[in-house]
Amino acid sequence: MSAAATTAPKPAKGAKAGKGAAPAPEGPSREDIFKELRGLPLLDGLPSDLLAECVTKGDLDLKTFDRDDFVIDAMGGQKEAVTHIVRSGQVAVAMFDAKWLDAKLGEQRKAASAKKKNKKQDPVMRHAEKNVANFEENDVYNPQALAAVDAKRTAIYAVTPAKIMIWRQARIADICVAYPFFAQRLRRSVEAGSSRLGQIHGVKQEIFDFNIRHGLSVSETARVRQLDRCIDCYECERACNERYGHERLHLNGFRLGMLDFVATCRTCVDQRCIDPCNFDSIYFDTAKREIVIVEDKCTGCTLCATACPYNAIDMVDLDDPENENFRIVLDERGVLQFGAGTNRKARTKRMASKCDHCSNYEDQACISHCPTGALIEIKPTEIFQDRTEAQRLAASAGFDHTVMRPATVIPIKAFQQGLKITDGADSKLSGGRINPAIYWSIFLTAFLICAVEVALRLYLPRFSAQYWYNRTAHGWDHYLALTRVRYSPGVEFAVYLGYFGMGLIVATMGYPLRKRFRLLQRIPGSAQGWFDFHLMAGIVGPLFVSLHTAARFANTVAALAYLATVITVVSGLVGRYIYTYLPKGLNAYDVEALEHERVLAGLRAKNPGVAACELELLAYRNLVTNLVGQAGLLRALAFVMRDQLKRPGRWLLRRRLLKGVTQTRREAREILRRTGRLMLLERRRVLVPKAKVLLTVWKKIHVPLAIVLLSLATAHIVIAYSLSM
């Protein structure tokens, strides 16, 4: 801070105080504006007298905007160029339908002149055709430059309640000349915004728009379902329902690529749901950083649910028989009482219900019960990185140092391939989980050792462990020890392998039984840990059984039991493959295709071959579109197989077409790769709808197959035991 005088500007002469004085003007006083200025890092070092003069002469002003207000007439109708400095909150720049925008701007001006607030409306972010930029605390931008592309359709609006410093650029220019250090700061602030926004294009623009449109940019947290890990078991919704009597989250919220942003409370920083409540039955708990409903005060007026633009608050009908469990849970808490001595005068017919992230529990029920780790809690800024932490720190320090241009802004990999998070991120989890790699390594190593022993007994008995045991433990000579080395389903070693393999197969039932009977969930371990073990035991167990059989079967029951084992394992692997393939085909398509098309569009002007490749792609898309609507499962599979055989030939034809018309080999490879990838993505559309049918069938046969397997295996063991007696 400069050593210059720090007194705030005084009221203008002629201002009267006391009785009969003119009413105070709306908005912050000059003293308030001055205090805000002195707290702005960008202005640190400028003399207080200079800033006071700017405020007094109207060169610098502070405007407050409610959420969804358009930032218009910021200088009282002046047409001079101004610069905006965001003091607090967040504003966004967006493109709108020209007629809709003109009508809304007119409504806001009329409301301002009549000194009344606008009526409640849907968030402006939802009406935008595309959100193109956003600015947060300490960011600097030029509103005239942002609207220069299409002034009739471009507007700046407040995403959250915001305070904006408006400064006449003519005055800024004079200050920059007098104070070079401020000129350097201002230059850095402009460069920071330009470098950040300059990298947001193509598919990154779509991701950026998604972030603003669905309120994730103003959310403190987000519940995210990783679609490449989800098996559609809906255990998350079921677990939430069991804990609260009503599910507080719903899958299939806002989807983009491989991520589903689950419909549930995300703890917005502007908390739209709190203001409308007239009964103080919803508030923000600063200690828990959570919006909490006071259930014994809630009257079911629905105002909070109506105010939430993300449908995160449900109004549950207490008289509906389907909500009996919810009513029972509320009764147990004693929050439905009414009358004298209570917070509620009359009986309520409805109750607001929202996720509070299980703030009164040690874990989050939905995430703890997710068997694959698909559901996580994470900060949106870790996914939508439109600026680096270094850039945020530079802004908070008043841009007193230069920040290098970030390498990655709005990373798209997460939306194309998933987040690959297996530890729950910021989630609260219950139960321990052993690293699956540990027991996979142990059991596979044990299997390999046993497999080697079986192979040695069959083909190189002299090197087997049994031979050396016969020599050392029994003291037999070479020939006797060698003749006693044998392997068949009935020998002791094979029997033990069968028992061990069968034990692992039986252990696979632990996961479905634990999922079905909640009493078993008292057994230590997380749902994800049990599911991981289920997968391992379901693969390694049959491998031990295969060693046990030695490819020989004593009777029909033994053969059928092994056949059932093979079919069950194959069905499990097929189901797992489909669950992995299906999300990638359905959800990753748009995000990845947009990126490929953007690159091809950039190459089209200087590479005539791109147009020819795109004609081939268009014809292929038409073929796929017809097949999607008409082909059955078998025809779809046949098409995919034939198309796979044709791919090399098509690639050679495209390569010959591009030869001589592309400037460099690198560009030719880029065109070949991206065109081929787009065709592959199109091909997935043929099989993906059929995969849904396969999933439905798989769910109906996998568990019954496992039951048949256990029944046949038990019969085989009983028969084998009775014959050995």
Side-chain angles (χ1 to χ4, degrees), residues 1-2 4-10 12 25-65 69-93 133-148 151 154-158 161-194 197 394-400:
M1 178 73 70
S2 171
T6 58
T7 56
K10 297 180 180 179
E26 292 188 359
S29 65
R30 292 179 178 177
E31 290 83 354
D32 292 335
I33 296 176
F34 182 78
K35 290 178 181 178
E36 290 283 353
L37 289 175
R38 287 289 53 159
L40 194 62
L42 183 69
L43 308 183
D44 192 23
L46 291 180
S48 294
D49 290 345
L50 173 63
L51 298 179
E53 181 186 350
C54 290
V55 174
T56 302
K57 291 185 176 181
D59 294 328
L60 197 156
D61 199 1
L62 175 67
K63 294 289 185 180
T64 301
F65 298 90
D69 277 354
F70 288 98
V71 183
I72 57 174
D73 295 334
M75 292 296 289
Q78 295 181 23
K79 300 301 182 181
E80 295 180 82
V82 296
T83 291
H84 286 182
I85 305 172
V86 181
R87 186 69 186 97
S88 64
Q90 183 182 125
V91 297
V93 184
N134 78 318
F135 299 95
E136 300 176 358
E137 185 176 349
N138 298 314
D139 280 344
V140 181
Y141 66 91
N142 179 352
Q144 291 81 17
L146 292 171
T154 305
I156 304 169
Y157 66 93
K163 291 182 179 179
I164 300 177
M165 292 285 184
I166 298 97
W167 211 344
R168 290 177 56 240
Q169 289 183 8
R171 185 60 166 161
I172 291 177
D174 294 338
I175 296 175
C176 286
V177 173
Y179 298 92
F181 73 89
F182 176 70
Q184 291 295 323
R185 288 181 185 174
L186 199 62
R187 177 186 59 78
R188 294 189 193 106
S189 69
V190 173
E191 289 178 352
S194 299
L197 301 176
S396 64
F399 299 97
D400 59 358

- Heavy-atom side-chain contact between Tyr141 and Val91 under 4.5 Å: yes
- What distance separates Cys54 SG from Leu37 CG, expressed to the nearest 0.5 Å? 8.5 Å
- Task: Please tell me if the side chains of Leu186 and Cys176 come closer than 4.5 Å, counting only heavy atoms from C-beta onward.
- Result: yes
- Note on the structure: Value for CD1 (Ile175) from CG (Asp59), rounded to nearest 0.5 Å, stands at 8.0 Å
- Message: So Leu50 and Arg171, do their side chains get closer than 4.5 Å, heavy atoms only?
- Response: yes
- Quick check: does any side chain N or O of Asp139 sit under 3.5 Å from a backbone N or O of Glu136, one acting as donor and the other as acceptor? yes
- Query: Hey, are the side chains of Ile156 and Phe65 touching, using non-hydrogen atoms and a 4.5 Å cut-off?
  - Reply: no
- How far does CD1 of Ile172 sit from CD1 of Ile85, to the nearest 0.5 angstrom? 6.0 Å
- Query: Would you say Arg188's side chain and Phe399's backbone share a donor-acceptor pair under 3.5 angstrom?
  - Reply: yes
- Query: Arg38 and Leu46: which non-hydrogen atoms are nearest, and at how many Å?
  - Reply: NH1-O, 2.9 Å
- Steps toward side chain to side chain contact (heavy atoms under 4.5 Å, CB included) verdict (His84, Ile166): CA-CA 5 Å; His84 286 182; Ile166 298 97; 3.7 Å; yes
- Task: Measure the shortest side-chain to side-chain distance between Phe182 and Leu43 over non-hydrogen atoms and say whether it is less than 4.5 angstrom.
- Result: yes
- Message: If I compare all heavy atoms of Leu42 with all of Arg185, which pair ends up nearest, and what's the gap?
- Response: O-NH1, 3.0 Å
- Report yes if the side chains of Lys63 and Lys163 come closer than 4.5 Å at any heavy-atom pair, otherwise no. no
- For Leu62 and Glu36 the tightest heavy-atom approach is CD2-CG, 3.5 Å
- Query: If you look at every heavy atom in Phe181 and Asp44, which pair is closest and at what distance?
  - Reply: CE1-O, 3.7 Å
- Task: Would you mind reporting whether Pro143 and Val82 have side-chain heavy atoms less than 4.5 Å apart?
- Result: yes
- Task: Can you see which heavy atom on Trp167 is nearest to which on Leu60, and at what distance?
- Result: CE2-CD1, 3.2 Å
- Message: Using every non-hydrogen atom in the two residues, find where Met165 and Ile33 come nearest and quote the distance to one decimal.
- Response: CE-O, 4.1 Å
